[in-house]
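Worksheet: the structure to be examined is printed underneath.
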Amino acid sequence: PDQASDESDPLLELLNTVAVAVGVFFLSLSLLTFALCHRNMRLNLTPLVNLCISLFLAHLLFLLTQTFLQYIQTNQLLCAMLAGVLHFLFLSAFVWMFFEAVLLLISVKNLTKIRSKQKEVLGWKCLIAIGYVIPLAVVGVSVGLFPDGYGSEQCWIKTDRDFVWSFLGPVCFIIIFNLIIFFIIVITLRKTVAGLNSEFSQMKQMRILVFKTLIQIIILGCPWILGFFVNGSKVLEIVFLFLNSQQGTFIFLVHCVLNQEVRKQYRKWLNTLCCCFKPSALRDVMENPTSTQ
């Protein structure tokens, strides 16, 4: 999140603030959708929900930190603590993205028993424990090796002594492994297609999930790689800030808007809402208020 140049650009800061706020809004919509529609969604939502929670908290904390940065900078300890929490939350998001790819691989290998096989391998309690212990361990080791590594001018990881690799190293590692898992999924899926009817509904679902996973890897991973090449370029910096801030928007589009079951539920809610606000319904309530009691 810290790509600010020495000379702050008010327009760029405003763009960043608005973009992050929009991303946080869509992350909250995604979480609300998952909470209300989890019974209609067939796969284990634990990695996806925790991915959204991590990104939501990280982007919200980043937004608040940048909004009150001039006050936070006066307290170096608070600035360093916020940087450590951001480090933890962003790493957590990548760990959950990795778990999601692993569970998708398990699903592809066990097409007939998707939900049960996922739970047999890793229960949600075990997933949550591992998903947050790994980034916590990375942050703990980073603090132990470089006690002064947190708390840059923007309250993020300091770039001196290559301490930034405590974040970029795990991120690159997870992205590479996710791409390897994706290619294994594609190969496995092609072999499975050869032995099953291509019109099989579960096969169609797997193809859609593989596509969504690839899009998610690109959306969540590649913008951080782009951060290597910013180096003062305003255009690349704007692209970097936009892609990172809109991760929540992309998740909402891919996992909610493009999900058939969720769309059906949205239509039900919309129809119910329209029926409640029909003029005839409102008129009946006004004329006979006791009928609703």
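One-based numbering along the sequence shown.
At least one side-chain heavy atom of Ser142 sits less than 4.5 Å from a side-chain heavy atom of Val138. Taking the side chain as every heavy atom from C-beta outward, Val18 and Leu14 approach each other to under 4.5 Å. For the pair Thr46 and Leu103, the minimum side-chain heavy-atom distance is 4.5 Å or more. Considering only heavy atoms from C-beta on, Ile157 comes within 4.5 Å of Ser166 through its side chain. Between Phe242 and Val239 there is no side-chain heavy-atom pair separated by less than 4.5 Å. Leu243 is listed as a side-chain neighbour of Phe250, based on a closest heavy-atom distance under 4.5 Å. Contact check for Asn178 versus Met97: side-chain heavy atoms found under the 4.5 Å cut-off. No side-chain heavy atom of Phe99 sits less than 4.5 Å from a side-chain heavy atom of Leu48.
Side-chain heavy atoms closer than 4.5 Å link hydrophobic residues (I, L, V, M, F, W, Y) into clusters, and following such links, possibly through other members, connects Val143 to Phe163. Hydrophobic clustering, with ILVMFWY side chains joined whenever heavy atoms are under 4.5 angstrom apart, groups Phe94 together with Ile53. Under the 4.5 Å side-chain heavy-atom criterion for Ile, Leu, Val, Met, Phe, Trp and Tyr, Leu105 and Ile180 are members of the same hydrophobic cluster. Side-chain heavy atoms closer than 4.5 Å link hydrophobic residues (I, L, V, M, F, W, Y) into clusters, and following such links, possibly through other members, connects Tyr71 to Leu61. Transitive grouping of hydrophobic side chains (ILVMFWY, heavy atoms separated by less than 4.5 Å) brings Phe183 and Phe177 into a common cluster.
What you find for Leu258 and Val254 is that their closest heavy atoms are CB-O, 3.5 Å. Residues Leu51 and Ala93 come closest through the heavy atom pair CD1-O, 3.1 Å. Nearest heavy atoms, Val95 versus Ile174: N-CD1, 3.9 Å. Counting all heavy atoms, side chain and backbone alike, Leu89 lies closest to Ser54 at O-CB, 3.6 Å. Here the closest non-hydrogen pair linking Ile251 and Cys52 is CG2-SG, 3.7 Å. Closest approach of Thr249 and Gly23 over heavy atoms only: OG1-CA, 4.1 Å.
Annotation: the span from Ile181 atom CD1 to Ile176 atom CD1 amounts to 12.0 Å, rounded to 0.5 Å. For the atom pair OG1 of Thr17 and CZ of Phe62, the computed distance is 7.5 Å after rounding to the nearest 0.5 Å. Between His59 atom NE2 and Asn244 atom CG the span is 6.0 Å, to the nearest 0.5 Å. Interatomic distance, CZ of Phe56 versus CG of Leu27, reported as 7.5 Å (0.5 Å rounding). Separation of atoms OG1 (Thr33) and CG (Leu45) is listed at 11.0 Å; rounding is to 0.5 Å. Rounding to the nearest 0.5 Å places CD1 of Ile134 at 12.5 Å from OH of Tyr132.
Applying the ring pair (Phe, Tyr, Trp, His ring centres under 6.0 Å) test between Phe167 and each of Tyr150, Trp156, Phe173 identifies Trp156 as the sole match.
Put simply, the side chain of Lys158 gets close to the backbone of Asp148: a donor and an acceptor are under 3.5 Å apart. For the pair Asn16 (side chain) and Leu12 (backbone), a donor-acceptor distance under 3.5 Å is absent. A donor-acceptor pair under 3.5 Å is formed between the side chain of Gln246 and the backbone N or O of Ala19.
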> Asn50 and Ser92: side chain to side chain contact (heavy atoms under 4.5 Å, CB included), yes or no, with the steps?
Replying inline: CA-CA 8 Å; Asn50 283 277; Ser92 296; over 6 Å; no

> Can you check side chain to side chain contact (heavy atoms under 4.5 Å, CB included) on Leu82 and Ile72, steps first, answer last?
Replying inline: CA-CA 9 Å; Leu82 290 174; Ile72 297 174; 3.7 Å; yes

>> One pair to check against side chain to side chain contact (heavy atoms under 4.5 Å, CB included): Phe26 and Leu29. What are the steps and the verdict?
In response: CA-CA 5 Å; Phe26 280 107; Leu29 278 185; 4.1 Å; yes

>> Please determine whether side chain to side chain contact (heavy atoms under 4.5 Å, CB included) holds for the pair Phe34 and Val262, giving the CA-CA distance in whole Å, both sets of side-chain angles, and the decisive distance to 0.1 Å.
In response: CA-CA 9 Å; Phe34 298 147; Val262 173; 6.0 Å; no

